[in-house]
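Beneath this line is the structure, given in structure tokens, with notes to follow.
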Protein chains: 2
Amino acid sequence: MSIRDLARHLNISIGTVSRALNGKSDVNAETRERVFLAAKELGYVPNQSGRSLRQGTTNTIGFMIESSIETADNGGSFFMPVFEGVQSVFRRHQLDLVALLCGTDEDPGAYLNRIVGRRFVDGLIISATMRNDPRIALLLERKIPFVTLGRSNIGGQYPWIDLDFEGVAATAVTRLLNFGHREIAIGVPASDINLGYIFVEGYKRALSDHGIGFDPGLVFPASGNEEGGYQVASAMLSQKRMPTAVILVNENMAIGLYRRFYEAGIHPGRDVAVIGFRESTQSRFLSPTLTCFRISLRDLGIKLAEALLSTMPAFMGNYPQDSIELVWPMELVPGESDHLCMEPS
Amino acid sequence: MSIRDLARHLNISIGTVSRALNGKSDVNAETRERVFLAAKELGYVPNQSGRSLRQGTTNTIGFMIESSIETADNGGSFFMPVFEGVQSVFRRHQLDLVALLCGTDEDPGAYLNRIVGRRFVDGLIISATMRNDPRIALLLERKIPFVTLGRSNIGGQYPWIDLDFEGVAATAVTRLLNFGHREIAIGVPASDINLGYIFVEGYKRALSDHGIGFDPGLVFPASGNEEGGYQVASAMLSQKRMPTAVILVNENMAIGLYRRFYEAGIHPGRDVAVIGFRESTQSRFLSPTLTCFRISLRDLGIKLAEALLSTMPAFMGNYPQDSIELVWPMELVPGESDHLCMEPS
DNA sequence: ATGGCGTCCGTAAACGTTTACGATTTCAAC
DNA sequence: GTTGAAATCGTAAACGTTTACGGACGCCAT
């Protein structure tokens, strides 16, 4: 069922059929009608390879998601809504969105190289940005439109959107300081992912803004799952003076942290303050409920899509041209886990 | 950088270049060497559209994942490892795997129709199988190779793999009966997804095997997240005689269930027995740790991939031909949540 | 009658591959 | 020296589209 069959069936040339289906102007209204009718009747759908080959564009966008240890456990609840938002925009432009999950045993750079080499996608959304991400250089050089979810420290002209980890860290620190805490720990991802650095930056800045010195011993690197939270709690317990508060970069860590503290007879929200990230169904049902930060993930996805479209030649007209560099705000959702005031010592 | 450029650069014909790269036999070893070298040097990667058009095959497989309410919250931790397993097999055959996430506001049937119409993939893995899944009929009719993760009740010749929910339900029921429980509740997904039916089937069968009558009032439909677990607990509490045990089909529900019971002053693992599904990092760090069932998700993915390959003409030689209909076993992992014995009343 | 213009449609080239087929060379065997 | 087979390579067609170009036709103004 190719366009040739359709043309034969209608007794017109394939050129006219193509023009009719693609909404070109130089085709009779009645002819167009007949073409559309016959196409629906015979179930004709244009072959993607054919049109890709001709017009050098695939009409698909790739969303590259890491399936690393860090994201494996909470990846779904984070990426699914983002993906939804992205997709809702692309659907309006007849663009298909596919998720590219790079396996843990494959180098992301090599994987990406294969993808762009094959001309598999017209554009890319990249997540889990590293500090010096080789993928960015590759895409810039190959001139593939892309947008990153997460800042990098690589220069160049490309849009990015990042969560406001610095703001989150600052808000959390200020809140805890106001509650009287002075020794505030943070649990950050142990990997090279950029958010860790930014998080620590915000933490440091907020402390110094309040005239508190930075103690490197209060920064606990750990993996971003329950196991990591458990280890952070263990590390806190083994300090000679246990910190009275802790900020986590991942809400799954909170479960492990809670567990460890319960084992030690310490009640989060009563004996130690916990602020987590990110708000989810989970955070509302933990005991105590977790004070954390809310993101509108769907809106984030929509913005990502728009940022990408604004760099794609075929769509640049519809979207503002100024390159997007956006720090995505988050809103604190108070829970029960940090409701304790300290006497300033 | 097309094959033509590469051929010009080497002063040989494009046919020879193609044959060299594709490992055909009628090409000189030294020539092949030169071709590979030049390809690597110039960064040549064959254009996918071109080869797809010519050989009618795209070398990509689609993994269709629902982003429905049910799977949104725990979808990541479930699908990522499966995906990894699938990918590890396909990589060996030069097949690219893409995840197709059907948006909640889009009909899965229509979405699939577009995908197969465009000849976007050579084969498909379908998850979240419905009882009467229209996608299966479509794929059978179009003769697209596919495998489903989850049984359907549609006949026909296609491979499927499903988790052994019946076995899980039976094991859980038997275990709880041995602990002396007689009123065992279950929380099952409220949607039309097939696993719910199978789960209830296993539950019923295990009860009747032990001569216990089936009480429909002990089946609590709910969504598969924390909210759902909370509601199940509420419903249990409002019974005139509260069930002494509960089986959950989703481990995220356990968190909500725990929460609701704590609010009511009831301790899971002491006052009420809980068995959940599926084992995860989470289940080991809850308090009490959750008795649940373990799956080897990566192996499941590998088996899915092999099942699909066995139905694809290009690979049928390498894989056994007998159609695969597999019930995937799961292993009970005892936790603290069901360690309580009842005096038989 | 001629020219010009607008509408509609057919023709054919092009996109980048793969592959059937035939051409050329080499080499051994008769 | 002729033949045949094997090895190696070039040629060209084909896959299904889109699109630049030009042709046919009708209409109106000159």
Side-chain angles (χ1 to χ4, degrees), chain A residues 1-36 38-39 42-60 94 96 114-122 142 313-314, chain B residues 1-36 38-39 42-60 94 96 114 116-122 313-314:
Chain A
M1 179 75 301
S2 76
I3 200 175
R4 213 169 309 252
D5 303 323
L6 191 55
R8 241 194 303 269
H9 179 258
L10 286 165
N11 265 333
I12 55 183
S13 80
I14 63 172
T16 305
V17 174
S18 174
R19 280 192 300 267
L21 290 175
N22 290 13
K24 296 300 161 99
S25 62
D26 56 347
V27 46
N28 193 343
E30 190 228 8
T31 313
R32 187 191 306 274
E33 193 74 17
R34 281 177 54 220
V35 171
F36 268 107
L42 302 190
Y44 168 74
V45 182
N47 180 306
Q48 186 59 41
S49 304
R51 50 176 13 205
S52 294
L53 185 56
R54 171 58 217 236
Q55 45 188 20
T57 182
T58 63
N59 290 325
T60 85
Q94 324 267 41
D96 271 323
R114 255 207 358 261
I115 295 295
V116 310
R118 290 191 167 195
R119 311 247 187 306
F120 195 70
V121 294
D122 291 343
R142 298 279 226 133
Chain B
M1 183 72 300
S2 75
I3 199 175
R4 211 168 312 252
D5 303 323
L6 191 56
R8 241 195 303 269
H9 179 259
L10 286 164
N11 265 332
I12 55 181
S13 78
I14 63 174
T16 305
V17 174
S18 174
R19 281 192 299 267
L21 291 176
N22 291 13
K24 297 299 161 105
S25 63
D26 56 347
V27 46
N28 192 342
E30 189 228 9
T31 313
R32 188 192 306 275
E33 192 75 16
R34 281 177 54 218
V35 171
F36 269 106
L42 302 189
Y44 167 75
V45 183
N47 180 306
Q48 187 57 42
S49 304
R51 53 179 7 208
S52 294
L53 186 57
R54 170 60 216 237
Q55 47 188 21
T57 182
T58 63
N59 289 326
T60 85
Q94 324 268 39
D96 269 323
R114 254 207 359 263
V116 309
R118 293 191 165 193
R119 312 245 186 307
F120 195 69
V121 294
D122 291 343

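Basis for what follows: all heavy atoms, side chains included, without hydrogens, waters or symmetry-related copies. Letters A, B, ... are given to chains in the order of the sequence lines, protein chains preceding strands, and every chain is numbered from 1.
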Discussion item. Both B/Leu53 and B/Ala29 contact DNA chain D. Which one's nearest nucleotide lies toward the 5' end?
Written reply: B/Ala29
Worksheet item: So what does B/Ser18 touch, heavy atoms closer than 4.0 Å: a base, only the sugar-phosphate, or nothing?
Response: base
Fill in: Atom-to-atom span, CZ of A/Arg32 to C1' of C/dC9 - whole angstrom
13 Å
Discussion item. Given 3.5 Å as the limit, does a donor-acceptor pair link the side chain of B/Arg51 with the main chain of B/Ser49, or not?
Written reply: no
Worksheet, complete the sentence: Of A/Asp26 and A/Val17, the one whose closest nucleotide on DNA chain D sits nearer the 5' end is A/Val17
Worksheet entry | Minimum heavy-atom distance between B/Arg118 and A/Val45, given as atom pair plus value | N-CG1, 3.9 Å
Item to complete: Return the minimal non-hydrogen interatomic distance between A/Ala38 and A/His9, and the atom names on each side.
Response: CB-ND1, 4.3 Å
Worksheet item: Do any N or O atoms from the side chain of A/Thr58 and from the backbone of A/Arg119 form a donor-acceptor pair under 3.5 angstrom?
Response: no
Response to the item:
On a heavy-atom basis, the closest approach of B/Asn59 and B/Asp122 is N-OD2, 2.7 Å
Worksheet item: How is B/Thr31 classified with respect to the nucleic acid when contacts are heavy atoms under 4.0 Å: base, sugar-phosphate, or nothing?
Response: sugar-phosphate
Item to complete: Look at A/Ser13 and C/dT11 and indicate whether a side-chain polar atom (N or O) is within less than 4.0 Å of OP1 or OP2.
Response: no
Discussion item. Nearest heavy atom decides the nucleotide; on that basis, is B/Arg19 or A/Gly50 closer to the 5' end of DNA chain C?
Written reply: A/Gly50
Worksheet, complete the sentence: Footprint ends on DNA chain D, 5' to 3', for atoms under 4.0 angstrom from a heavy atom of chain B, come out as D/dT8 to D/dG16
Worksheet item: Residues two or more places apart in sequence or in another chain: which of them pass side chain to side chain donor-acceptor pair (under 3.5 Å) with B/Arg34?
Response: none
Discussion item. Measure CD1/A/Ile12 against C1'/C/dT11 and give the value in whole Å, please.
Written reply: 15 Å
